[in-house]
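Here the structure is laid out as structure tokens; the discussion comes afterwards.
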Amino acid sequence: MCGIAGWIAFQRDLRTRRPALDAMTATMVCRGPDAGGTWLSRSAALGHRRLSVIDLEGGVQPMTVDTPDGPVVLTYSGEAYNFVELRDELRRRGHRFRTTSDTEVVLHSYLEWGEEFAERLDGMYALGVWDGRTDKLVLLRDRLGIKPLYVYETEDGVLFGSEAKAILAHPEVQPVVDTDGFRELFGFVKEPGRAVWAGMREVKPGSLLIVDRAGPRERVHWRLEVTEHQDDTATTVRRVRELLEGSVGRQLVADVPQCVLLSGGLDSSALTALAARGMAERGQETRTFTVDFEQPDDFRADELRGSPDAPYAREVVAHVGTVHTDIRLDHRALADPEVRRAVVTARDLPFGFGEADNSLYLLFKAIREHATVALSGESSDEIFGGYPWFHLPVVQEAAMFPWVTASGLGPRSHPTKLIDPSLLLGTLDVPGYWAQRWTDTVAQLPAVPGEDAHERRMREFCYVHLTSLLGLLLDRKDRMSMAVGLEVRVPFCDHRLVEYVFNTPWSMKTFDGREKSLLRAAVRDVLPTSVVERVKALYPHTQELRYVDALRHQVGDLLSGGHQAVDFFDRAALTKAVQGPPEAVERDEREAFERVLDLAVWLDVHRPTLKLS
């Protein structure tokens, strides 16, 4: 995995602008700690930072092929899991290769098929190809948007980068966040293609952005389609297993140490079992890692987590036979201001997932000492309907993003009671934003003949999870892992699996009366019964009151110092929560502490101009 950056300008000579390109590329060092390179011509400047995973010596970038009509240059982040098959086909078509890297295969795929190469690639990737034969830039993002790619239009071209910080490093770009950007921040509903920073956007998942002298144009190479599901339940279960096994097998390709993130839940345990089988066939052991916290032995169940992860993870390890490591995090590390600063800097944004982001960053940092590639269960809940709110009648009846409804968010409430209501309900009108986004999103979903109202609503729920929530989670996983140079792969995001399960009726997704019925049935034979029957538990958090106490003191310092971040919150309510004992702090108050601290770091790091109208 890598970081890419670039600048296309059709009315000036970029060969004299190397310092600007170097500054953009330097922001990607964390994504590519192993090597870096740049390539410049009159109209194009491309930068690259590399994390070496396949062909450690040969995959140097930007990679160039000189043709009689001009150079074709690639800067590429990601993995094409089918690169071996593509290379074989390209060789039959007369192409010759100097390396064994997937990068060279991607470049030659463009040479062979042009923009249609997008349909040929299978994997997770974000890339830019400068075609010097026609003075054209082709930006491409994978189908599900696993890897990020940002773009910023200028008067005579574009800037692009794996992260917003690459573009913000350009001397002509100012960090501005306007009202629309703040709606995106506070709404927790990801609009494909939208970026928080004014003037910036993302290349949409499953899309190409082509830039030439006539300007930019977008081309969709993949979208989630509605098709009729014709398989019975038994056949569907077998097909899910086949698709998942195929995805895991394709993603176990690397020339560096690999591992699996194991929580003891159904998703990660399934990946662990299938990966271990594949690794064993190659004579290799499977390494697994579980995050745990310094907390009292008497685990306290709540509405989000009914059981701790560690005992279930140990059962999977014993059942499957992996080389396992528990990564134990204590409250001091989680509350460390330097950790929070690293996390917010990596994310480029405030208002993420608070402590969960901090712990994920620390987990990945510890894993990076042992492995370079990790498999993760991201997107299983979105695909199979695993979240608790999928199954609540009161949520199902609401024409609204289900995670919004389930959080108790209505037209007169807001994500946390400590955020200034006049901001959310007045200036930003977040409830109106949610309503419009819901209407616009479900309008993209074609009607299915013969589908009753309940099936339609549940199809809508699955669709909005895949298009408006998954992007937030994939971005979080990408930022926290790449901040420490760890490549995380997500087998459940295989587009074939996503397409197949999406078009499976909800009645079949819940055929046993529970969440994730299809996945449970598909992997039952390879897992301990206790794990197969385990109720969904969300990502773990520390129950150590000393963590809450540390947050109270840090927020108190912001209040007493008059930090700008406090202005976005209900100061009186925030002060009251800070002054109480840690055991009296409620969950939404703790969440507010984390958000105000994240916002303070973000304002200090980026110093954005805020334009709220």
Side-chain angles (χ1 to χ4, degrees), residues 240-241 244 248 259-280 285-330 353 355-356 359-360 362-364 366-367 370-371 374-388 390-391 473 477 488 490-492 512-544:
V240 167
R241 173 64 170 267
L244 187 55
V248 171
C259 68
V260 183
L261 307 178
L262 174 62
S263 71
L266 180 62
D267 311 333
S268 66
S269 299
L271 292 186
T272 298
L274 298 180
R277 286 188 168 194
M279 298 287 280
E285 293 181 319
T286 300
R287 296 209 62 169
T288 50
F289 293 87
T290 298
V291 65
D292 200 358
F293 296 95
E294 177 191 64
Q295 62 185 29
D297 292 335
D298 53 336
F299 172 85
R300 300 186 302 276
D302 58 28
E303 69 274 19
L304 300 179
R305 294 181 54 73
S307 57
D309 286 342
Y312 292 94
R314 286 193 289 268
E315 287 192 54
V316 174
V317 170
H319 188 83
V320 174
T322 69
V323 178
H324 186 70
T325 303
D326 285 318
I327 304 297
R328 185 169 294 278
L329 306 177
D330 66 31
F353 295 86
E355 178 214 326
S359 66
L360 195 63
L362 291 168
L363 171 64
F364 288 159
I367 290 174
H370 307 277
L375 300 189
S376 170
E378 213 72 60
S379 84
S380 176
D381 287 310
E382 289 74 25
I383 296 168
F384 291 100
Y387 292 115
F390 268 106
H391 309 275
L473 302 177
K477 188 63 64 77
V488 173
V490 281
F492 284 108
D512 64 357
R514 291 192 56 188
E515 79 287 352
K516 291 193 280 198
S517 305
L518 293 174
L519 179 60
R520 183 177 295 104
V523 298
R524 181 179 294 275
D525 62 308
V526 296
L527 294 176
T529 301
S530 61
V531 173
V532 173
E533 299 301 330
R534 187 186 181 193
V535 176
K536 167 71 180 177
L538 297 186
Y539 186 82
H541 61 269
T542 181
Q543 296 182 329
E544 175 57 69

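Because the structure is predicted, anything quoted here is derived from the model rather than measured. Side chains are part of it too, since the values below use all heavy atoms of this structure and drop only hydrogens, waters and symmetry mates. Along the sequence shown, residues carry numbers from 1.
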Open item on the list: Ignoring hydrogens, what is the shortest heavy-atom contact between Thr542 and Glu355? Give both atom names and the distance.
Closed with: N-OE2, 2.8 Å
Open item on the list: Show the nearest heavy-atom pair for residues Val531 and Gly265, with the distance to one decimal.
Closed with: CG1-O, 4.0 Å
TODO: Please check if the side chain of Glu544 supplies one atom and the backbone of Asp330 the other of a donor-acceptor pair under 3.5 Å.
DONE: no
Task: Test item: Arg328 side-chain N/O and Asp292 main-chain N/O as donor-acceptor pair under 3.5 Å - done: no
Task: Residues which pass salt bridge (charged side-chain N to carboxylate O under 4.0 Å, His left out) with Glu382, listed by chain and number, not counting sequence neighbours - done: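 Listed in chain order: nothing, the list is empty.
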TODO: Tell me, please, which residues at least two apart from Asp381 pass salt bridge (charged side-chain N to carboxylate O under 4.0 Å, His left out).
DONE: Lys516, Lys536
Quick one: [atom1] on [X] to [atom2] on [Y], what's the gap to the nearest 0.5 Å?
| X | Y | atom1 | atom2 | value |
| --- | --- | --- | --- | --- |
| Ser376 | Phe364 | OG | CZ | 6.0 Å |
| Leu271 | Phe492 | CG | CZ | 4.5 Å |
| Ser359 | Phe293 | OG | CZ | 4.0 Å |
| Arg241 | Leu519 | CZ | CG | 10.0 Å |
| Thr529 | Leu527 | OG1 | CG | 9.0 Å |
| Leu261 | Leu360 | CG | CG | 8.0 Å |

- [ ] Just do the side chain to side chain contact (heavy atoms under 4.5 Å, CB included) check on Cys259 and Thr288 with the steps written out, would you?
- [x] CA-CA 6 Å; Cys259 68; Thr288 50; over 6 Å; no
With sequence neighbours excluded, tell me which residues meet side-chain contact (heavy atoms from CB on, under 4.5 Å) with [X].
| X | value |
| --- | --- |
| Ala366 | Ile327 |
| Ser268 | Leu262, Ser263 |
| His391 | Trp506, Thr510, Glu515 |
| Arg514 | Asp512, Arg520, Glu533, Val535 |

Open item on the list: Let's go through Val291 and Leu329 carefully: what are the C-alpha distance in whole Å and the side-chain angles of both, what is the deciding distance for side chain to side chain contact (heavy atoms under 4.5 Å, CB included) to 0.1 Å, and is it a yes or a no?
Closed with: CA-CA 7 Å; Val291 65; Leu329 306 177; 3.6 Å; yes
Task: All side chain to side chain donor-acceptor pair (under 3.5 Å) counterparts of Arg287, not counting sequence neighbours - done: Thr325
Open item on the list: Thr286: which residues meet the side chain to side chain donor-acceptor pair (under 3.5 Å) condition with it, sequence neighbours left out?
Closed with: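 Checked Thr286 against side chain to side chain donor-acceptor pair (under 3.5 Å); zero matches.
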Quick check: do [X] and [Y] have side-chain heavy atoms less than 4.5 Å from each other?
| X | Y | value |
| --- | --- | --- |
| Val532 | Val523 | no |
| Val316 | His324 | no |
| Phe384 | Val240 | yes |

- [ ] For the pair Phe289 and His370, name the ring-plane relationship: parallel under 30°, tilted 30 to 60°, perpendicular over 60°.
- [x]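 Judged by the thresholds at 30° and 60°, the geometry between Phe289 and His370 is tilted.
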- [ ] Just grab all the salt bridge (charged side-chain N to carboxylate O under 4.0 Å, His left out) pairs involving residues 269-278, residues at least two apart or on different chains.
- [x] none
Open item on the list: Considering only residues two or more places apart or on different chains, which pairs with a residue in residues 314-325 satisfy salt bridge (charged side-chain N to carboxylate O under 4.0 Å, His left out)?
Closed with: none
Task: Within 45° cone of Tyr312 ring axis and under 6.0 Å: Arg534 NZ or CZ - done: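 Here Arg534 passes the 6.0 Å and 45° test against Tyr312.
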- [ ] Quick one: list whatever passes ring pair (Phe, Tyr, Trp, His ring centres under 6.0 Å) with Tyr387, sequence neighbours left out.
- [x] Trp389, His465
